[in-house]
Amino acid sequence: MSTFERYSATIAEGDLAILYRGHSDLYPIVIKSGEFVNNNKGYVIILHPTPELWTLSLPHRTQILYQADISIITSLLRLKPGSRVLESGTGSGSFSHSLIRTIAPTGHLHTFEYHEGRAAEAKAEFEAHGLAQFATSQCRDVCKDGFGLTNLVDAAFLDLPAPWEAVASAKQALRKDVATRLCSFSPCIEQVARTVEALTQHGFTNIEMYECLLREHDVRNVTIHQVDVMRSLAPRPKVAAVRPGKGQEEDVPAAPGSVITALVRPRNDARGHTSFLTFATLLPQAEEADEQ
Amino acid sequence: MSAEPQPTPAPAVSAVTPAADTTPLEAPAASKPGIIRAGDHVLLVLPSENKRMLQIKPDTTVELGKFGKFQTNALIGKPYGVPYEIVKGGELVRAEVTPEDALGEADSDVKDANNKNIFDDNANQTLTHEEIATLKAEQASGHEIIAKIISSHSEFDKKTEFSKAKYIKKKRQTFLRQFTPVQLDAATLCDFYFNKNPAKTKEMRIDILSLLLTSANVRAHSRLLIYDDTQGMVTAAVLERMGGFGEVVVVHEALSQNLDIVRYMNFPQATLDTLTTIPVNRAFPLPEEMELWEASADTRENKTKPSFRETRDNIHRGGFDGLIVASTADPHSVVDLLSPYVATSRPVVVYHSALNMLTPLCQSMRASQSYILVNLLTTWYRPYQVLPQRTHPTMNMSGHGGALVVATKVAPGPALPSSLTKQELIAVGSSTQGSRKRSKPANPARGSSGSPAPKKAKVGDENEGDGMEVDPVEAGSSQV
RNA sequence: GCCCGACUAGCUCAGUCGGUAGAGCGUGGGACUUUUAAUCCUAAGGCCGCGGGUUCGAGCCCCGCGUUGGGUG
């Protein structure tokens with residue numbers, strides 16, 4: 001069975017796969033013999049699922065976390081195989097899938113979602129994707145009822161409208177024998193301020209905040225003309241994109257008086273602000289407290 | 001199923017699981033996690049926020065300049081991450097951390113004071129340099145000295161609370177005799193080198209490294225090919241994310257490769273055993289060299305590692321789960337060399353500190369039928385100071401953290417005749433997302449046209465002999 | 001009937017390489033000669049069909065409707 005925590009060599013009945021029909025046309029499917037999908041594009045490519053492809057193709061039930069934020073959060077929470085981590089809310093499960101990939105096979109994700117429907121869908125997804133053994137998902141309003149975990153997790157991730165209300169309970173859930181980490185994900189600076197205040201009051205240290213955006217770049221060859229007095233009045237070659245390779249008819253040398261050069265620029269549809277990422281450390285308890 | 005707490009919503013899940021049992025490979029026997037061991041490499045964070053990296057060898061004295069000195073034996077067995085004060089006699093005691101030290105009074109009214117009547121005058125401080133030096137010589141604690149300095153500052157009470165906090169912070173950075181030993185991990189080391197000696201790690205910033213790790217789908221049980229010119233930064237980060245499971249083969253150009261950062265990670269032997277390295281000329285020997293290598297004994301002193309020959313055979317078996325390149329050489333040449341040994345539907349990720357060094361590679365990979373989803377990436381990364389009523393960006397690091405080319409390797413299909421523009425049926429299953437309409441792959445076809453038998457992709461790859469089991473299916477043939 | 005796209009400039013278009021701030025026509029200005037005008041040069045013109053619902057207080061979100069193109073009955 002294909003899963004997000006292990007590659008398989010071949011496609012099998014019942015596997016989740018990602019149907020590729022172009023960069024903006026990725027679609028998750030379950031392979032079932034005897035069934036068809038239509039396609040009017042000549043060919044498709046079936047890809048092995050990865051958390052990154054899942055993030056690009058999953059059904060949105062909420063706004064989701066994307067790869068840039070997911071990546072830096074994972075690093076700064078110091079996650080690796082064996083880590084135990086709590087997450088709230090589960091949302092559409094974009095980050096959850098990536099978390100499970102990183103902490104498997106010896107770690108565990110405790111994920112909490114207060115919306116009943118979304119919690120159920122996420123849970124069903126984990127099971128369908130063969131990830132249930134790595135994740136415990138609960139429908140629970142953690143701001144009101146807390147996480148219900150004690151001295152258990154290495155890291156906590158809060159993606160909540162009022163994260164400051166969950167700080168005390170998150171602290172309780174974090175283990176106390178080693179330094180642990182917390183991240184809060186909030187779009188607005190006022191949320192950050194209140195969260196930082198709560199973190200400080202609860203004894204978190206090393207509070208830092210970041211923003212991280214992904215910039216994707218286009219590369220294309222353009223033909224540009226050269227300024228030349230002798231030719232200044234003659235018709236100029238058109239400035240036009242020229243693409244190399246794949247045997248296209250555009251694969252022609254530059255006309256006299258012009259030169260082909262690579263033009264690199266950021267894609268204009270790049271996402272803007274996502275959220276502020278607030279990180280904090282909870283130091284291990286002093287030894288006196290350890291003794292009891 | 002899971003041995004973890006069950007997902008019943010109502011009852012509080014109270015779980016206390018012993019720490020050691022899930023991390024057998026990371027925690028050496030008879031040692032608690034997060035405890036400093038003899039032989040560990042550690043990072044010491046000083047009050048000035050300067051950092052020093054060193055190895056804790058027993059029975060040694062560590063000199064921290066004006067911040068004091070201590071015996072390594074006093075640190076062994078103590079927890080990481082905790083600030084320690086060097087008290088008289090060189091003993092280390094856990095330093096108290098109070099929020100007010102760093103924050104100032106959060107609720108203070110900023111308007112209750114200002115600098116209108118404060119003048120820059122050294123005479124505001126009544127203590128002389130000699131008197132302060134004497135205090136230090138008498139082994140007064142940092143806190144005592146700071147208190148003395150504040151009480152000797154004639155204008156201190158005129159300052160705003162925020163200004164006082166900043167003043168105190170400066171004094172703490174100068175006079176406190178303490179340090180925090182930080183456990184070394186990939187994120188910490190990346191940050192350390194990026195700030196201290198970025199050339200060593202080829203200007204690789206933590207956010208780009210993080211993106212590299214997810215893009216390459218690095219995880220336990222990965223089987224990866226790596227070309228690493230970052231002093232081992234990339235390899236160390238990859239090994240950390242694999243947790244001792246799987247396999248990493250590092251190919252390098254010189255006869256031996258500097259992977260110092262891997263050593264600094266304090267990996268257990270089990271993790272180090274998943275790493276093998278091999279020079280390019282042993283992995284890809286010229287025909288005339290072949291006999292020479294075959295004749296000569298493997299000269300590696302560490303016989304627990306596979307021989308070059310075994311590693312070479314391993315590489316040529318192909319089917320790797322990914323390729324990661326962070327090279328100062330032409331990245332294109334490295335990708336051409338190693339990509340053939342990567343399985344299809346697997347990531348290829350290439351790092352370089354300069355975007356423009358990757359543009360030709362990006363163009364040619366986009367033009368190639370062997371890759372899809374080819375992307376040229378940089379990041380915009382900005383840290384902020386967050387203090388009550390004093391939140392602001394600390395610096396702008398956009399555009400200087402390196403760039404990545406990320407792609408997915410696929411099996412190139414046969415060239416499509418131009419007549420094949422019509423709809424084709426692909427023998428795969430239906431959607432899992434019944435409710436989703438946008439770009440739905442299509443509805444079950446009704447016609448009885450064609451056989452639904454799944455097509456095994458044929459590998460028309462230019463890369464012969466990589467032995468991959470074909471995963472992505474390219475169904476380019478007509479059914480009509 | 002069902003399915004899949006596309007709706008931004010006065011009009012019409014824009015590709016499975018991660019090509020939707022890119023163009024063409026038309027329009028204005030200039031040069032030129034072949035002057036009921038042609039050719040060349042150049043300039044101006046862009047915020048995305050309508051409505052609703054949802055996501056955290058960031059949409060690569062969803063639904064409906066309209067217009068339009070294609071496919072299939």
Side-chain angles (χ1 to χ4, degrees), chain A residues 19-26 37-45 55-67 69 89 91-92 94 114-115 117-118 143 158-163 184-192 194 211 213-214 216-222 232-236 238-248 250-251 263 265 267-276, chain B residues 362-377 405-408 410 412-413 416 421-423 433 435-447 449 474 476:
Chain A
L19 190 65
Y20 168 91
R21 290 178 303 191
H23 65 93
S24 57
D25 193 359
L26 295 166
V37 293
N38 275 328
N39 171 51
N40 54 5
K41 295 196 171 170
Y43 67 92
V44 298
I45 298 176
T55 289
L56 293 174
S57 61
L58 60 80
H60 287 214
R61 300 181 283 269
T62 60
Q63 172 68 288
I64 64 169
L65 268 77
Y66 291 95
Q67 196 188 347
D69 287 324
S92 302
S94 171
Y114 65 5
H115 186 282
R118 290 200 292 264
C143 290
L158 307 180
D159 179 5
L160 300 164
S184 175
F185 180 91
S186 298
C188 297
I189 198 74
E190 291 83 358
Q191 295 172 294
V192 174
R194 294 189 66 169
E211 242 187 310
L213 307 180
L214 197 62
E216 305 180 315
H217 295 81
D218 264 339
V219 187
R220 62 179 69 178
N221 283 343
V222 292
S232 64
L233 293 179
R236 288 212 272 280
K238 282 279 185 187
V239 175
V242 176
R243 300 190 62 84
K246 296 215 170 158
Q248 298 302 311
E250 289 119 331
D251 195 4
L263 176 68
R265 59 180 181 179
R267 296 182 64 84
N268 51 28
D269 60 348
R271 270 183 295 281
H273 173 72
T274 56
S275 268
F276 297 110
Chain B
C362 178
Q363 282 183 294
S364 97
M365 288 176 89
R366 282 182 177 174
S368 161
Q369 289 204 31
S370 296
Y371 303 99
I372 58 169
L373 298 171
V374 181
N375 211 343
L376 180 57
L377 303 172
V405 166
V406 177
T408 300
V410 297
L416 290 173
T421 54
K422 291 197 168 176
Q423 176 187 57
Q433 273 74 43
S435 64
R436 192 172 179 228
K437 292 278 167 51
R438 187 189 68 81
S439 76
K440 206 179 205 174
N443 23 345
R446 51 206 71 210
S449 59
E474 278 207 58

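So that the names make sense, note that chain A is the first sequence line, chain B the second, and so on, each numbered from 1.
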Figure out the CZ/P separation between A:Arg220 and C:A14, and round it to whole Å. 17 Å
With heavy atoms under 4.0 Å as the rule, sort A:Phe276 into base, sugar-phosphate or nothing. nothing
Side chain proximity check, A:His273 to A:Glu211, heavy atoms < 4.5 angstrom: yes
How far, in whole Å, is C:G46 from C:C40 if one measures between their C1' atoms? 27 Å
For B:Ile372 and A:Pro187, find the nucleotide of RNA chain C closest to each by heavy atoms; which residue's nucleotide sits nearer the 5' end? B:Ile372
Integer angstrom distance from the C1' of C:C56 to that of C:C50: 27 Å
Taking the side chain as everything from C-beta on, heavy atoms only, tell me whether B:Thr408 gets closer than 4.5 Å to B:Tyr371. no
Syn or anti: how is C:U20 classified when any glycosidic angle within 90° of 0 counts as syn? syn
Pairwise P distance for C:G30 and C:G69, with rounding to whole Å: 40 Å
4.5 Å side-chain heavy-atom contact, A:Val219 and A:Leu263: no
Between C:G49 and C:U67, how far apart are the two P atoms, rounded to whole Å? 16 Å
Whole angstroms only, please: what is the CG-C1' distance between A:Asp69 and C:C56? 14 Å
Separation of atom CG in A:Asp218 from atom C1' in C:U20, rounded to whole Å: 11 Å
Hey, are the side chains of B:Val406 and B:Val374 touching, using non-hydrogen atoms and a 4.5 Å cut-off? no
For A:Ser184, side chain to side chain donor-acceptor pair (under 3.5 Å) partners two or more places apart: none
Among C:C56, C:A58, C:G18, the one nearest A:Pro161 by side-chain distance: C:C56
Check whether A:His115 reaches the backbone of A:Arg118 with its side chain - one donor and one acceptor, N or O, closer than 3.5 Å. yes
Should stems be defined as at least three consecutive Watson-Crick or G-U pairs with both distances under 3.5 angstrom, which of them involve RNA chain C? C:1-7 with C:66-72, C:10-13 with C:22-25, C:27-31 with C:39-43, C:49-53 with C:61-65
Whole-Å distance, A:Arg21 CZ to C:C3 C1', equals 12 Å
Is C:A58 syn or is it anti, if syn means the base angle is within 90 degrees of 0? syn
Min side-chain heavy-atom separation A:Ser186-A:Pro163 under 4.5 Å: yes
Using the C1' atom as the reference point in each nucleotide, state the distance between C:A9 and C:G5 in Å, no decimals. 22 Å
Which is it for C:A21, anti or syn, if anything within 90° of zero counts as syn? syn
Provide the distance between the two P atoms, one in C:C4 and one in C:C65, to the nearest whole Å. 13 Å
Candidates C:G57, C:C56, C:C61 - which lies nearest the side chain of A:Asp159: C:C56
How close or far is atom P of C:G18 from atom CZ of B:Arg366, stated in whole angstroms? 7 Å
For C:G18 and B:Tyr371 - does any side-chain N or O of the residue sit under 4.0 Å from the phosphate oxygens OP1/OP2? no
What interatomic distance, in whole Å, is found between C1' of C:U55 and the corresponding atom of C:U72? 37 Å
Atom-pair distance (CZ on A:Arg267; C1' on C:G22), nearest Å: 14 Å
Compare all side-chain heavy atoms of A:Val44 with those of A:Tyr20 and state whether any distance is below 4.5 angstrom. no
Less than 4.5 Å apart, any side-chain heavy atom of A:Glu216 and any of B:Leu376? no
Would C:G59 be called syn or anti here, given the cut-off of 90° from 0? syn
Can you check nucleotides 53-55 of chain C for protein contacts, nitrogen or oxygen pairs under 3.5 Å, and list what you find?
from: C:U55; atom 1: O2'; to: A:Gln63; atom 2: N; distance (Å): 2.8

Specify the separation, in whole Å, of atom CD of A:Gln191 and atom P of C:A58. 8 Å
Taking the side chain as C-beta and beyond, is there a heavy-atom pair between A:Phe276 and A:Ile189 under 4.5 Å? yes
For A:Arg265, report the nucleic acid contact type (base, sugar-phosphate, nothing); a contact means any heavy atom under 4.0 Å. sugar-phosphate
Taking atom P of C:A58 as reference, at what distance in whole Å does atom CG of A:Leu160 sit? 16 Å
Could you check if the base of C:G57 is syn or anti? Syn means the glycosidic torsion is within 90 degrees of 0. syn
If the threshold is 4.0 Å, N to carboxylate O, is there a salt bridge linking A:Asp218 and A:Arg267? yes
P atom, C:A43 versus C:G24: distance in rounded Å? 12 Å
